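Have a look at the structure below, then the notes.
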Amino acid sequence: MTSVTSTVVRLKLSLLRGGLRQSAGRRTAFLASALVAPLFALLQLLGLLALRGHAHAEAVAVPGAAVLALGWAVMPLFFPSGDETLDPTRLVLLPLRPRPLVRALLAASLIGIGPLYTLLVLAGCALSVAHGAAGYTVCVVAVTLAPLVCVALARAVATANVRLLTSRKGRDLAVLSGLVVAIGMQLVNFGAGQLGSGGLGRLQPAADVLSWVPPASAVAAVRAASEGSYGTAVGQLAVTVAALVGLLAVWARTLTRLMTSPDASTLPTAGTGSRDRSSAGLGRLLPAGRTGTVMDRALRYIWRDPKTKAAWVTSLAIGLIVPVYNAVQGTGSPYFVCFAAGMLGIQMYNQFGQDTSAFWMVALTISSSRDAYAELRGRALALLVITLPYTALVTVSTTALLGDWARLPEVLGLSLALLGAMLATGAWASARFPYSIPQEGHKNVAPGQAGLAWISVFGGMIAAALLSSPVIAATIWLNVSADGDAWNWVLLPVGAGYGATITYLGLKLAAPRTAARLPEILAAVSKG
């Protein structure tokens with residue numbers, strides 16, 4: 001009788017072959033990955049081997065194994081469709097027991113470019129600290145155990161979250177994966193800067209801690225065995241084996257629950273039909289009438305629409321990273337917080353394009369400039385619900401890190417003035433240069449509308465800078481004046497008042513243009 005493991009392995013190979021036959025683009029991408037990933041892994045392997053004999057080789061090898069395992073843990077959350085052949089819900093109707101199925105899926109998970117890359121890098125980590133017969137013997141065991149721990153960790157995480165990953169929220173995570181990569185690159189850049197100034201020795205404390213965290217503990221066991229610390233090596237290998245057994249047990253238990261319990265997302269929730277949405281949550285705090293309705297709709301878009309959510313989270317993260325990162329590095333300035341206000345002010349641009357084809361329902365409710373003004377005002381207030389406390393938080397955090405509290409009033413006032421100018425120009429640009437945002441894929445502009453997007457955003461930013469020039473000029477004048485430090489607190493109320501005034505005027509000017517151009521706006525945002 002054919003075993004379950006061999007059947008599942010052959011099934012995965014067949015599905016991979018079938019997927020490659022679907023299109024030439026998919027074959028090209030697979031072949032490119034099959035060439036580039038192993039080549040990159042081999043280069044890393046050679047780099048790690050070059051560390052043999054270095055005093056701090058362990059400081060690179062052990063954290064390297066830990067980072068690799070972390071990647072295996074989080075990647076299934078952001079790329080849920082990366083390996084659709086291993087979705088256990090496809091096997092629910094088959095008479096399979098959990099333990100044989102876990103063994104089969106584990107074997108199938110070891111087939112692919114990712115496991116090969118992991119094996120080569122972990123082999124480099126282990127070989128870089130291996131010396132002597134005992135060290136090489138433990139190296140063989142470590143290179144066998146560590147990839148198994150990585151794969152079991154990834155499968156346990158994916159199985160525990162498989163219903164989330166196949167839902168709309170899971171697709172939201174995939175959209176936000178680019179943000180995680182961007183933030184990760186900033187952290188890597190910061191870490192590289194620290195290493196450049198202090199050398200590999202800065203990683204040694206982290207390596208000492210991670211030497212007992214699987215699967216990095218397997219690499220640390222190689223170093224311990226090479227130095228003759230056999231008891232420590234056995235203990236670290238035992239920790240790795242215990243982690244593997246524990247992950248397999250958790251995976252099996254989660255798999256059993258997944259394949260024997262109904263999907264809660266398909267079951268009705270008691271009392272949902274009688275609950276008034278407007279009386280729950282944030283809706284109770286919003287003003288009555290059209291303004292509150294528009295604010296509620298805009299905030300729901302920010303929370304629920306993947307593209308809108310990705311744009312907001314990206315702006316929030318980068319707006320915080322740039323001033324705080326430079327402040328930590330000692331190269332920052334309190335005025336860098338204006339970057340955060342600018343990142344959030346961009347969200348006011350192309351307001352109607354964010355609605356896509358659903359904008360026609362909003363257009364039906366606009367019959368006059370007054371209606372258009374109420375619509376724009378509600379959208380601007382929804383943005384301010386997030387941007388005002390966020391701008392204050394970034395300003396306080398940056399000035400605290402720099403220790404320059406005297407600049408807090410003028411920097412916050414300047415940020416509020418810039419934010420108001422961007423809200424004003426964003427409302428006008430939304431009516432004058434609307435464009436469509438495709439819901440599928442990673443493009444943010446429909447084909448043929450890139451010029452509109454550039455004019456809307458960059459033209460609006462230049463106009464916002466010009467509108468903010470009075471407050472900028474006042475800030476410069478107070479900084480060059482002899483007694484300016486005694487009066488810089490005035491810039492906070494002046495900037496806040498100027499920002500509120502310019503926002504009001506911008507919405508008033510944009511309202512009649514919005515009402516007059518409704519057919520053109522609807523055609524533009526519905527394209528693609």
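Since we're looking at a predicted model, the values are computed, not measured.
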Closest non-hydrogen atom pair between Thr308 and Tyr301, with its separation: CB-O, 3.7 Å

With a 4.5 Å cut-off on side-chain heavy atoms, are Leu419 and Leu388 touching? yes

Where the side chain of Thr503 meets the backbone of Leu423, is there a donor-acceptor pair that is under 3.5 Å apart? no

Heavy-atom closest pair (Tyr117 atom, Ala37 atom, distance to 0.1 Å) is CD1-O, 3.6 Å

If we only count heavy atoms from C-beta on, is the Val337 to Thr391 side-chain gap below 4.5 Å? no

Are the side chains of Arg290 and Thr365 in touch, meaning some heavy atoms are under 4.5 Å apart? yes

Side chain to side chain, Trp72 and Val151, heavy atoms closer than 4.5 Å: yes

Side chain to side chain donor-acceptor pair (under 3.5 Å) with Arg407: which of Asn488, Thr398, Asn479? Asn479

Approximate separation, where rounding is to 0.5 Å, of Leu116 CG and Ile111 CD1: 12.0 Å

Answer whether the closest heavy-atom distance between the side chains of Tyr390 and Leu320 falls below 4.5 Å. yes

Taking the basic N atoms (NZ, or NE/NH1/NH2) and the acidic carboxylate oxygens, is any pair closer than 4.0 Å for Glu375 and Arg297? yes

Identify the two heavy atoms, one from Val8 and one from Ala108, that lie closest to each other, and give their separation to 0.1 Å. CG1-CB, 3.9 Å

Step by step, would you call Leu408 with Thr395 a side chain to side chain contact (heavy atoms under 4.5 Å, CB included)? CA-CA 7 Å; Leu408 176 61; Thr395 304; 3.2 Å; yes

Step-by-step side chain to side chain contact (heavy atoms under 4.5 Å, CB included) determination, Leu299 to Ile302: CA-CA 5 Å; Leu299 293 172; Ile302 294 172; 4.3 Å; yes

For Ala431, does its backbone N or O pair with a side-chain atom of Arg517 as donor and acceptor, under 3.5 Å? yes

Side chains of Tyr498 and Ser468 only: does a donor on one sit below 3.5 Å from an acceptor on the other? no

Evaluate the criterion side chain to side chain contact (heavy atoms under 4.5 Å, CB included) for residue pair Trp489 and Glu410; output intermediate values, then yes/no. CA-CA 6 Å; Trp489 62 268; Glu410 64 180 83; over 6 Å; no

To the closest 0.5 Å, what do you measure between CD1 (Ile455) and CD1 (Ile462)? 11.0 Å

When rounded to the nearest 0.5 angstrom, what distance separates CG in Leu384 from CZ in Arg377? 12.5 Å

Atom pair SG/CG of Cys338 and Leu414 - distance to nearest 0.5 Å: 4.0 Å

Looking at every heavy atom in both Thr291 and Pro287, which two are closest together, and how far apart are they? CG2-CG, 4.0 Å

Stepwise, does the side chain to side chain donor-acceptor pair (under 3.5 Å) test hold for Thr514 with Tyr373? CA-CA 9 Å; Thr514 301; Tyr373 172 73; over 6 Å; no

One pair to check against side chain to side chain contact (heavy atoms under 4.5 Å, CB included): Met295 and Arg379. What are the steps and the verdict? CA-CA 6 Å; Met295 292 178 65; Arg379 292 174 183 251; over 6 Å; no

Closest non-hydrogen contact found for Met348 with Leu376 is CE-O, 4.2 Å

Report the distance from atom CG of Leu416 to atom CG of Leu491, rounding to the nearest 0.5 Å. 11.5 Å

Have a look at Val362 and tell me which of Val294, Asp355, Ile521, Asp371 forms a side-chain contact (heavy atoms from CB on, under 4.5 Å) with it. Asp355

Quick one: does Trp312's side chain get under 4.5 Å of Leu344's, heavy atoms only? yes

Would you check if Gln347 and Thr387 make a side-chain contact, meaning some heavy-atom pair closer than 4.5 Å? no

For Trp405, I'd like to know if atom CH2 has over 12 heavy atoms of other residues, nucleotides or ligands within 6.0 Å. yes

Side chains of Trp428 and Leu507 in contact at under 4.5 Å (non-hydrogen atoms): no

Test your reading of the model: is there a side-chain donor-acceptor pair from Ser430 to the backbone of Gln351, 3.5 Å cut-off? yes

Flag, side chain of Ser469 to backbone of Leu466, donor-acceptor distance under 3.5 Å: yes

When you look at OH of Tyr504, are more than 12 heavy atoms from neighbouring residues, nucleotides or ligands closer to it than 6.0 Å? no

Return the orientation label for the Phe359 and Phe352 ring planes: parallel under 30°, perpendicular over 60°, tilted otherwise. tilted

Output for pair (Met461 CE, Tyr349 OH), nearest 0.5 Å, gives 7.0 Å

To check you understand the geometry: which heavy-atom pair defines the closest contact between Leu101 and Leu255, and what is its length? CD2-CD2, 3.5 Å

